[in-house]
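Just below is one structure, and these are the notes that go with it.
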There are 2 protein chains.
Amino acid sequence: MKNSINTILKTSQLSVTTNRIKILELFQNSGNALSHADIEKLSGKHFDRVTIYRTLQTFVDKGIIHTIPTADNSIMYALCKEACTSGHHHDDHVHFICEVCGSTYCLDNISLPQVNVPKGFSINQTNILVHGVCKNCK
Amino acid sequence: MKNSINTILKTSQLSVTTNRIKILELFQNSGNALSHADIEKLSGKHFDRVTIYRTLQTFVDKGIIHTIPTADNSIMYALCKEACTSGHHHDDHVHFICEVCGSTYCLDNISLPQVNVPKGFSINQTNILVHGVCKNCK
DNA sequence: ATATATTTTGCAACGCTGTTGCATATTCAT
DNA sequence: ATGAATATGCAACAGCGTTGCAAAATATAT
Ligand SMILES: [Mn+2]
Ligand SMILES: [Mn+2]
Ligand SMILES: [Zn+2]
Ligand SMILES: [Zn+2]
C-alpha cells in the first residue's frame with residue numbers, strides 16, 4: 001500500500017513527504033470523498049491547515065484527485081479512478097450525496113445521461129449531483 | 001410591473017420596502033441568474049451588504065427565488081417560474097452556464113434526464129449543471 | 001390621521017474559509 | 001555528505017457570510 005502511494009507521488013513528480021503520504025492514505029482508506037475539514041479531523045491536526053490546502057491543490061493539479069461541487073457550497077475531493085493526468089481530468093461521472101450518512105460517492109460505473117439543451121446552445125461539461133439515500137442507509 | 005412586485009411581496013406576507021422592490025426588479029429585468037455580488041453592483045451599493053444577504057435568504061424561504069449551486073462554489077439566484085411556495089421549491093430543471101458571457105440560464109423547458117443510480121440507492125433530488133456556450137455567444 | 005406594534009434596515013463586530021509571503025525544515029540529486 | 005530544490009509552518013491578511021442590537025420604516029389598530 002505504501003509502495004503504491006510512493007509510485008503515485010513519484011510518477012507525478014512530487015516529493016514523497018509524510019504529509020502527502022498521510023493524506024493519500026486517508027483517501028484510500030475512506031473510499032468516499034473527503035472535505036478539507038474531514039482531513040483536518042482525520043489527520044488529528046498533525047499538520048498545518050495551509051499545508052492541507054496546498055496539498056489538495058497540488059493533487060488536483062496533478063490529476064490525483066478531483067473536486068466535487070456540492071449544493072451547500074463546500075468542496076469535496078475524491079481520488080481519480082480514471083486516467084487523469086496533469087491538467088487533464090476525465091471525471092465525468094455522477095456524484096451521489098447520501099442525506100442520511102453524508103457520504104459522497106463517485107458513481108463511475110453508471111452511464112452519464114444525455115442532457116438536452118435548447119437549439120444554439122453547446123455543451124462542454126456536465127456536472128450531475130444527486131441527493132438521496134445510499135445503500136448502507138436505506 | 002411595480003404592481004406585480006407588490007403582489008408578489010404581499011402574497012408572501014412580506015413588507016413592501018424600497019429594498020425588496022429594487023432587488024425583485026433587478027431579477028425581472030435581468031432574466032438570467034444573479035449573484036450577491038451582481039446585486040451589489042447593479043444596485044449601486046445603495047443598500048447594505050447585510051440587507052442583500054437577508055433579502056435573498058427571505059426570498060428563498062418564501063419560494064420567490066431559488067439558489068443555483070455552481071462549480072466554482074459561488075451561489076447564483078434566479079426567479080422561481082414554477083409554483084414554488086414557502087418551504088417547498090420545485091425548481092428541478094437544468095442550469096446552464098455560458099463560459100463566454102458568464103450568464104447562468106434556467107432551462108425550465110428542457111426535459112430533465114433520467115439519472116441511473118446503483119441498486120439500493122434512492123434519489124430525492126437531482127442537480128444538473130451544464131457548462132458550455134449559449135446561443136448569444138456561439 | 002395618529003398612535004402603537006411589528007418588521008426591516010444599517011452598522012459594528014465577529015467567525016470561518018481560503019490565500020500569500022517568508023523563513024525554516026525536509027527531501028532530492030549529485 | 002553537500003548543495004539545490006521543494007515543501008512546510010507560521011503569521012498576517014482578504015473575502016464572504018452571520019449575528020446582535022439600536023434606529024428607521026412599514027403595517028395595523030383606533
Ligand atoms: Mn468523482
Ligand atoms: Mn433555475
Ligand atoms: Zn448513507
Ligand atoms: Zn453566453
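Source: prediction; values computed, not measured. Per chain, numbering begins at 1; letters A, B, ... match sequence-line order.
Residues meeting the side chain to side chain contact (heavy atoms under 4.5 Å, CB included) test with Val16(B), sequence neighbours left out: Asn6(B), Leu9(B), Lys10(B), Ile21(B). Considering only residues two or more places apart in sequence or on other chains, His36(B) meets the ring pair (Phe, Tyr, Trp, His ring centres under 6.0 Å) condition with Tyr53(B). With sequence neighbours left out, Phe96(A) forms a ring pair (Phe, Tyr, Trp, His ring centres under 6.0 Å) with Phe121(B). Partners of His88(A) under the side chain to side chain contact (heavy atoms under 4.5 Å, CB included) rule, at least two apart in sequence or in another chain, are Thr85(A), His90(A). Partners of Ser122(A) by side chain to side chain contact (heavy atoms under 4.5 Å, CB included), not counting sequence neighbours, listed by chain and number: Val133(B). Scored by the side chain to side chain contact (heavy atoms under 4.5 Å, CB included) test, Ile128(A) finds Val94(A), Leu112(A), Pro113(A), Thr126(A), Val130(A), Val115(B), Thr126(B), Ile128(B) as partners (sequence neighbours excluded).
Of the inter-residue distances, the one linking His46(B) atom NE2 with Thr18(B) atom OG1 reads 12.0 Å to the nearest 0.5 angstrom. Distance check: Ser103(B) OG to Met76(B) CE gives 8.0 Å after rounding to the nearest 0.5 Å.
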Sequence-aligned protein contact record of nucleotides 17-23 of chain D, with B where the base is within under 4.0 Å of a protein heavy atom and S where only the sugar-phosphate is: BBBB---
Sugar-phosphate or base contact per nucleotide [nucleotides 25-30 of chain C; S, B, -; heavy atom under 4.0 Å]: --SS--
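Relative to the side chain of Phe47(B), the nucleotides dG10(C), dT8(D), dT8(C) differ in distance, and dG10(C) lies closest.
As rounded to whole Å, 13 Å separates atom C1' of dA27(D) from atom CG of Asn6(B). When rounded to the nearest whole Å, the span between CG of Leu56(B) and C1' of dT8(C) equals 15 Å. Rounded to whole Å, atom P of dT17(C) lies 14 Å from atom CE of Met76(A). Nucleotide dT8(C) holds its C1' atom 14 Å from the CD1 atom of Ile52(B), rounded to whole Å. Regarding Phe59(B), its CZ atom lies at a distance of 17 Å from the P atom of dT7(C), rounded to whole Å. Look at CD on Glu40(B): it is 12 Å from P on dG15(D), rounded to the nearest Å. Rounded to whole angstrom, the span from the CD1 atom of Ile21(A) across to the C1' atom of dT8(D) amounts to 15 Å. The CG-P distance, from Leu9(B) to dT7(C), rounds to 15 Å in whole Å.
Under the salt bridge (charged side-chain N to carboxylate O under 4.0 Å, His left out) criterion, the residue pairs touching residues 100-126 of chain B are Lys81(B)-Asp108(B), with sequence neighbours excluded. Under the salt bridge (charged side-chain N to carboxylate O under 4.0 Å, His left out) criterion, no residue pair touches residues 123-138 of chain B, with sequence neighbours excluded.
The overall bend of the helix from dA1(C)-dT30(D) to dT30(C)-dA1(D), read as the angle between its terminal helix axes built from five base pairs each, is 40° when rounded to 10 degrees.
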Under 3.5 Å, sequence neighbours excluded: what are the donor-acceptor pairs made by side chains of residues 61-71 of chain B?
unit_1   : atom_1 : unit_2   : atom_2 : d
Asp61(B) : OD1    : Gln57(B) : NE2    : 2.9
Lys62(B) : NZ     : Ser12(B) : O      : 3.2
His66(B) : ND1    : Ala78(B) : O      : 3.2
His66(B) : ND1    : Asp91(B) : OD1    : 3.3
His66(B) : NE2    : His93(B) : NE2    : 3.4
His66(B) : NE2    : His95(B) : NE2    : 3.4
Thr70(B) : OG1    : Asp72(B) : OD1    : 2.7
Thr70(B) : OG1    : Ser74(B) : N      : 3.1
Thr70(B) : OG1    : Ser74(B) : O      : 2.7
Thr70(B) : OG1    : Ser74(B) : OG     : 3.1

